[in-house]
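What follows is a single structure, written as structure tokens, with notes after it.
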Amino acid sequence: MLRALARSIPSSFSSALCAEVPAHPIDVALARTQHAAYCAALAACGATVEVLAGEEACPDSCFIEDTAVVVGGRALLTRPGAPSRRAETAAVATALARWLDVVEMTAPATLDGGDCMRVGDTLYVGRSARTNPLGIAQLAALGLRVVAVDLPPGVLHLKCVCSPLGDDRILLAEQSIPAQKFDADVVWVPASETYAANAVAIGGHVIVADGYPRTSEALAAAGFTLHAVPTSEVRKADGSLTCQSIVLDRA
Ligand code: CIR
């Protein structure tokens, strides 16, 4: 049984960071309903889910993925690229320290967990506006092969265009990053469904954003059991699915 950590949606979520002001403001109540559906999907995938309290002073604190990268028995607590998000890490460190050795990234390194994609013994990391070369260098503490990847223009995080599907396969949006950059088989997401390239795989289960039929068909054809969840509100804050949890990768 794997453990998954999430963080609840604070009332301040309506002022979360976003690259563009959304056409319709964030509906915090709806965001909470969608977050509950997400946590239920994690449980349906077989995870034991713990929801930490979000922080009012940190509107983006529900995007817990960005605050730590976990490999086996070790967690690297990040120094998020957005200064407004740095206060998010303390509570996550306390929670993770119950099970893991927690190592803290040191300034001036910055890294968001959304830039990190583990596939087998390799950790792919996006060179993004949030993750700097010093942050990438400090990933060495996790003991995996680290491969830095350039992102297409305007992409926030590596996992906006791809996500892991176990130890030898990834989900990858067409026309984003060349498949040769990855030592993995690919399940393709059509360019018109790029948002759906961010999905949470746990064993044979995948949590997908609802409303992306071609991606769901491709994943089902690849043998996965799908759990579709709504994402309209996190999307307004440039969030998606992996960003809402940290899955501890050992039982
Ligand atoms: C941010 O800009 O940091 C948040 N509003 C969204 C973070 C999403 N994180 C992720 O996809 N890993």
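Atoms within a ligand are numbered from 1 in the order they appear, just like the ligands themselves.
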query: Quick one: do E50 and R7 make a salt bridge, cutoff under 4.0 Å?
result: no

- prompt: Does ligand 1 have any atom sitting under 4.0 Å from a heavy atom of D60?
  reply: yes

- request: Would you tell me whether T242 and N198 have side-chain atoms, one donor and one acceptor, within less than 3.5 Å of each other?
  value: yes

field: Cation-aromatic face contact R235/Y195, 6.0 Å, 45 degrees
entry: yes

- request: Any atoms of ligand 1 less than 4.0 Å from a non-hydrogen atom of C243? List them with their elements.
  value: 8 (C), 9 (N), 10 (C), 11 (O), 12 (N)

Whether E88 side chain and I64 backbone form a donor-acceptor pair below 3.5 Å: no

task: State whether the side chain of Q175 and the backbone N or O of A191 hold a donor-acceptor pair below 3.5 Å, judged by distance alone.
output: no

query: Hey, is ligand 1 close enough to L17 that some N/O pair sits below 3.5 Å?
result: yes

- line: Per-atom filter on ligand 1: closer than 4.0 angstrom to a heavy atom of D66 are 7 (C), 8 (C), 9 (N), 10 (C), 12 (N)

query: Please state which protein non-hydrogen atom is closest to atom 8 (C) of ligand 1 and give its distance, to 0.1 Å?
result: D238 O, 3.6 Å

query: At a 4.0 Å cut-off, with the gap strictly under it, does some heavy atom of A16 reach an atom of ligand 1?
result: no

query: Just distances here: any N/O of R85 and N/O of ligand 1 closer than 3.5 Å?
result: yes

- request: Taking only heavy atoms of G114 into account, list the atoms of ligand 1 that are under 4.0 Å away from them.
  value: 12 (N)

task: Determine, for R169 against D185, whether the closest basic-nitrogen to carboxylate-oxygen distance falls under 4.0 angstrom.
output: no

- prompt: What atoms of ligand 1 come within less than 4.0 Å of a heavy atom belonging to R130?
  reply: 1 (C), 2 (O), 3 (O)

query: Just which atoms of ligand 1 are under 4.0 Å from any heavy atom in E65?
result: 10 (C), 12 (N)

- prompt: Should the pair D115-K159 be classified as a salt bridge under the 4.0 Å nitrogen-to-oxygen rule?
  reply: no

message: Between R98 and A95 (side chain of the first, backbone of the second, donor and acceptor by atom type, cut-off under 3.5 Å), is there such a pair?
response: yes

message: Taking 4.0 angstrom as the limit and counting only heavy atoms of A237, give me the atoms of ligand 1 inside it, by number and element.
response: 4 (C), 5 (N), 6 (C)

